[in-house]
Amino acid sequence: MSADGFASRLLAWYDRDGRHDLPWMHPRAPYRVWLSEIMLQQTQVQTVIPYFERFVAALPSLPALAAAPQDDVLALWSGLGYYARARNLHATAKICVEMHGGDLPRDLDALVALPGIGRSTAGAILAQAWGDRFPILDGNVKRVMARYHGIAGWPGTPAVEKEMWRLAESHLPYARMADYTQAQMDFGATLCTRHDPACVLCPLQSDCAALREGRVAELPTAKPNKPVPERRALVLLAQDARSRVLLLKRPPAGIWASLWSLPEAEDHETARAWFGKHLRGDYDHGEALEPIAHAFTHYRLQLQPLRWQGLGLRDAVNDDGGLRWVAFDELESLGIPAPIRKLLLAIAPRSPG
DNA sequence: AACACGGGGAT
DNA sequence: ATCCCAGTGTT
């Protein structure tokens, strides 16, 4: 074990107080570890668990994922956010079937070369799936390193991050790498938390710089914040005589890439033009529904839905591959942005509200 | 170095 | 309201 006792103390804590029953641990197979690590990027454990269970039930192996249609993968991801993760996951599965015999490569650089896998995720996969000796540097480890070593400066800056990689590497044990990796994440998520960490219970309290210096609350240094812009848009909620809803597949890049959503327009002029080109009916008969406010990390979005019923498509646009009438009972099989899904469920027949 | 990329939970 | 989370990819 490393000489300073960091890892051995963390492992002893993990044996008693860590989480040993997370779904991706039983079995702790490479495919499941990989999937869990991707889902857990910027996403908390309790959010991920039901998505993970549903995903592995539908696509239990890497080759099964590789063979699945993209719409199926996005439907399984729908509501989890950061949909590039799902597209990269799918792309990586195909590459692994093509180049690595249907398995993930057991090699750091080969993993990092795959879409959606950076250095931290690659280390987490190698350590948890095979016990290989690589560090991770996620938000938990950054927080623990900042406090334990008294490192000031936002961890997103390259200089701070580089120093933290070095420190994380310096603590690696020579055995139990899978448990050690899980231990760090459990420790950061449940004891050395962002707010009100349980320092009195901490196995590292005797050597923690932040605790010694009374800087626990101010470390790690918060990200400098900037004002977030607001964007407004109209969304067109067209229904046909059978109450089906007209959905449009979004472009493969940008926000909500490749998901099915409602047609959007910047203003009424643009909306009217789009309506006239694609639909038969009277734009001015649209009913304005309650606006939807949706907050992203980097901007706020206010959507104003306009609803029409009993419409038809113009004959000429039936071949448009990105447009589709969708019945309410088909919604669960498609990848749809969370606020749009919520809106559609609110107007569904026999729905609450 | 800064930004894009979702959604939910905590305060 | 605001922050931030088991980050990565693009510019």
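Reminder, nothing fancy here: chain letters follow the sequence lines and each chain counts from 1.
- Comparing dA6(C) with dT11(B), their P atoms are spaced 14 Å from each other, to the whole Å.
- Aromatic ring centres of W256(A) and Y83(A): separated by at least 6.0 Å.
- Taking the ring centroids of H171(A) and Y180(A), they lie at or beyond the 6.0 Å cut-off.
- Mapping A159(A) and G254(A) onto DNA chain B via the closest heavy atom, the residue that lands nearer the 5' end is A159(A).
- Atom CD of E98(A) has 12 or fewer neighbouring heavy atoms from other residues, nucleotides or ligands inside a 6.0 Å radius.
- Residues F187(A) and W13(A) place their aromatic rings such that the two centres sit under 6.0 Å apart.
- Under the 30°/60° scheme for interplanar angles, the aromatic rings of F275(A) and Y283(A) are found to stand perpendicular.
- Among the heavy atoms of the strands, none lies under 4.0 Å from A124(A).
- Here, dC5(C) and dA1(B) have their C1' atoms 22 Å apart, quoted to the whole Å.
- Heavy-atom contacts of chain A under 4.0 Å fall on DNA chain B between two terminal nucleotides, which in 5' to 3' order are dA1(B) to dT11(B).
- Ion pairing of R166(A) with E163(A) is present here, as a side-chain N (NZ or NE/NH1/NH2) and a carboxylate O approach within less than 4.0 Å.
- Taking the C1' atoms as reference points, dG8(B) lies 23 Å from dG9(C), given to the whole Å.
- Position along DNA chain B of the nearest nucleotide to A338(A) versus W154(A) favours W154(A) as the more 5'-ward residue.
- The closest donor-acceptor contact from the side chain of D71(A) to the backbone of L334(A) lies at 3.5 Å or more, if one exists at all.
- Crowding of D267(A) atom CG: a count of heavy atoms from other residues, nucleotides or ligands under 6.0 Å exceeding 12.
- Within the 4.0 angstrom heavy-atom criterion, no nucleotide atom of any strand lies near G156(A).
- Within 6.0 Å of CD in Q205(A) there are more than 12 heavy atoms belonging to other residues, nucleotides or ligands.
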- Message: For a quick check, with a 4.0 angstrom heavy-atom cut-off, what is the B/S/- contact string for nucleotides 3-11 of chain C, read 5' to 3'?
- Response: SSBBBSS--
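- When the C1' atom is compared between dC5(B) and dC4(C), the two are found 15 Å apart, to the nearest whole Å.
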